[in-house]
Number of protein chains: 2
Amino acid sequence: MDMDREYTQDFVTDEKWQAIINNDASYNGQFYYAVKTTGIFCRPSCKSRAPKRENVRIFKCADQALAANYRPCKRCKPTREKLPDSEWIAHVTQYIDKNYMEKLNLDLLAEISHGSPYHMHRIFKKVKGITPVEFIQQVRIKEAIKFLIDTEKGVSEIALAVGIPNTSYFITLFKKKTGVTPAEYRKLNKKKYKMEGLRHGIQE
Amino acid sequence: MDMDREYTQDFVTDEKWQAIINNDASYNGQFYYAVKTTGIFCRPSCKSRAPKRENVRIFKCADQALAANYRPCKRCKPTREKLPDSEWIAHVTQYIDKNYMEKLNLDLLAEISHGSPYHMHRIFKKVKGITPVEFIQQVRIKEAIKFLIDTEKGVSEIALAVGIPNTSYFITLFKKKTGVTPAEYRKLNKKKYKMEGLRHGIQE
DNA sequence: ATAATTTCACTATCTTGCTTTTATAGTATC
DNA sequence: GATACTATAAAAGCAAGATAGTGAAATTAT
């Protein structure tokens, strides 16, 4: 319907064509390409299958393409704001730091941050070097240690306070991480505190 | 409080002691053992931790143990009514049969039936011999075949109707399962129907 | 032309051995 | 005699490679 406007569009130069077939992200923002046969327009970096050169039209901005009745591609376009992985995961670790006393699992963490638990798990490990569960356990044991040193709370109470309502399991896990049971840890470190004015001998 | 009744109880014979530490189910009903330090009584087959021999008292029946102020063990006793896995899974397959046109996944199936998706998956495979996903795919392809034979709907429409909104993927899957594409399948079986009065040559 | 099929690169979900966590029972210790 | 700790089977959940599913676009068949 607006084929008569053909001459108002940019010509498909070799440079642009190369950018398109190489999905070259450095050209993003410089131009958009539309495909006549599908009525869809993309950014140069779009990873979708390369169109035939003769079906391509070039636009300087998205509005022009929309005006010419093309719709934005679902793969490259709506990819507007995707914050980098590190920020995404920082979100997750902050949540854990604040909510270690609650029940936590992958599904929940995925939900509060973003989509798939499986994907989140992969990225978490890539960014932090440890798995989410390992991270959660470390936070909980560190908090438990603070309670043991700074308070006189009983072991069951501390277990509950750090998000491990199962006392016997808490003791097992604590011993696995620190080498000693909670009560032993308290005894050892209270003494040290009195004698040397020190704290937190094993962790940190 | 009723230590004076000690002599009215059975003696812990070597045979009974062996039955207890081996969790020997063949002795169930013949006697019960109570543990003085915990105030709990069990059947011989109970899987809980073995008590010390000197803490054990033997009873001929549960009533005697109750009368002596012991409470029944929660692991071996309440194992009264647990419906078999097959019934649980039948629930799931019925749901699939009725809802194959909707989006389905493990989490959903676990939710409508019972707890953990992982556990459900394991039991499903044990009971049915195939995984839930395989089962769903089979249902969908069988329904698609009915549509191909009984109607003139297009392939995309059929794909959507059987819960696979992505036509290209539907075709890929159909071919993987039947060996031919949907349109080919229709052509072959329509012809056969006309010529021989038959139907559904490949599946069923 | 329209519908069907294939291709491709990517993301989401499954799969399943392994680990964590729960639920109970029992012993040790202070 | 309450609190700490050990033990253990079953259920729940993780981990990470394998597989399924998506969305764009070309190609082929009708």
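In what follows, chains are A, B, ... by sequence order, proteins preceding strands, each numbered from 1. Just so you know, these numbers come straight off a predicted model, no measurement behind them.
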In terms of the nearest nucleotide of DNA chain D, which residue is placed more toward the 5' end: A/Val35 or A/Lys103?
-> A/Lys103
Which atom names give the shortest non-hydrogen contact between A/Leu106 and A/Pro117, and what distance separates them?
-> O-CB, 4.1 Å
Within the pair B/Ser116 and D/dA11, is there a side-chain N or O less than 4.0 Å away from OP1 or OP2?
-> no
Looking at B/Asn105, does any N or O in its side chain come under 4.0 Å of the phosphate oxygens OP1/OP2 on C/dA12?
-> no
For D/dA25, does either OP1 or OP2 sit under 4.0 Å from a side-chain N or O belonging to A/Lys52?
-> no
State whether a side-chain donor-acceptor pair under 3.5 Å links A/Tyr27 with A/Glu15.
-> yes
Is A/Leu106 touching bases, backbone alone, or none of the nucleic acid, heavy atoms closer than 4.0 Å?
-> sugar-phosphate
B/Lys175 side chain near C/dT6 phosphate (N/O to OP1/OP2, under 4.0 Å) | yes
Expressed in angstrom and rounded to an integer, what is the separation of A/Tyr169 atom OH from D/dA10 atom C1'?
-> 15 Å
So what does B/Lys176 touch, heavy atoms closer than 4.0 Å: a base, only the sugar-phosphate, or nothing?
-> sugar-phosphate
Any B/Lys187 side-chain nitrogen or oxygen under 4.0 Å from OP1 or OP2 of D/dT30 | yes
Return yes if the base of C/dT27 and the side-chain atoms of B/Arg53 contain a donor-acceptor N/O pair under 3.5 Å, otherwise no.
-> no
Measure from the ring center of B/Phe174 to the ring center of B/Tyr185 and say whether it is less than 6.0 Å.
-> yes
Compare side-chain N and O positions of B/Gln137 against OP1 and OP2 of D/dT19 and report whether any pair is under 4.0 Å apart.
-> no
Would you call A/Arg186 and A/Asp150 a salt bridge, taking side-chain N to carboxylate O under 4.0 Å as the test?
-> no
When all nucleic acid strands are considered with a 4.0 Å heavy-atom cut-off, which category describes A/Pro182: base, sugar-phosphate, or nothing?
-> sugar-phosphate
To the nearest angstrom, the CG-P distance between B/Leu109 and C/dT15 comes to 11 Å
Which part of the nucleic acid, if any, lies within contact of B/Asp107, taking any heavy atom under 4.0 Å across all strands shown: a base, the sugar-phosphate backbone alone, or nothing?
-> nothing
Closest to the A/Ile171 side chain: D/dT6, C/dT20, C/dT5?
-> D/dT6
Return the 5'-most residue of the pair A/Val155, B/Ile164 with respect to DNA chain D, ranking by each residue's nearest nucleotide.
-> A/Val155
At under 4.0 Å between heavy atoms, what does B/Glu184 touch on the DNA or RNA strands: base, sugar-phosphate, or nothing?
-> sugar-phosphate
Give a yes/no on whether any side-chain N or O of A/Thr172 is located under 4.0 angstrom from OP1 or OP2 of D/dC5.
-> no
Salt bridge or not for B/Glu143 and B/Lys146, using N-O below 4.0 Å?
-> yes
Does the D/dA7 base have a donor-acceptor partner in the side chain of A/Ser168 within less than 3.5 Å?
-> yes
Mind checking B/Asn166 for me? I need base, sugar-phosphate or nothing, with any heavy atom below 4.0 Å counting as a touch.
-> base
Short side-chain N/O contact to D/dA4 OP1/OP2 from A/Thr181, under 4.0 Å | no
For C/dT11, does either OP1 or OP2 sit under 4.0 Å from a side-chain N or O belonging to A/His119?
-> no
Salt-bridge criterion met for B/Lys177 and B/Glu134 (N-O under 4.0 Å) | yes
For the side chain of B/Tyr118, counting heavy atoms from C-beta on, which of C/dT27, D/dC5, C/dT16 is nearest?
-> C/dT16
Out of C/dT27, C/dA4, D/dA26, which has the shortest distance to the side chain of B/Asn55?
-> C/dT27
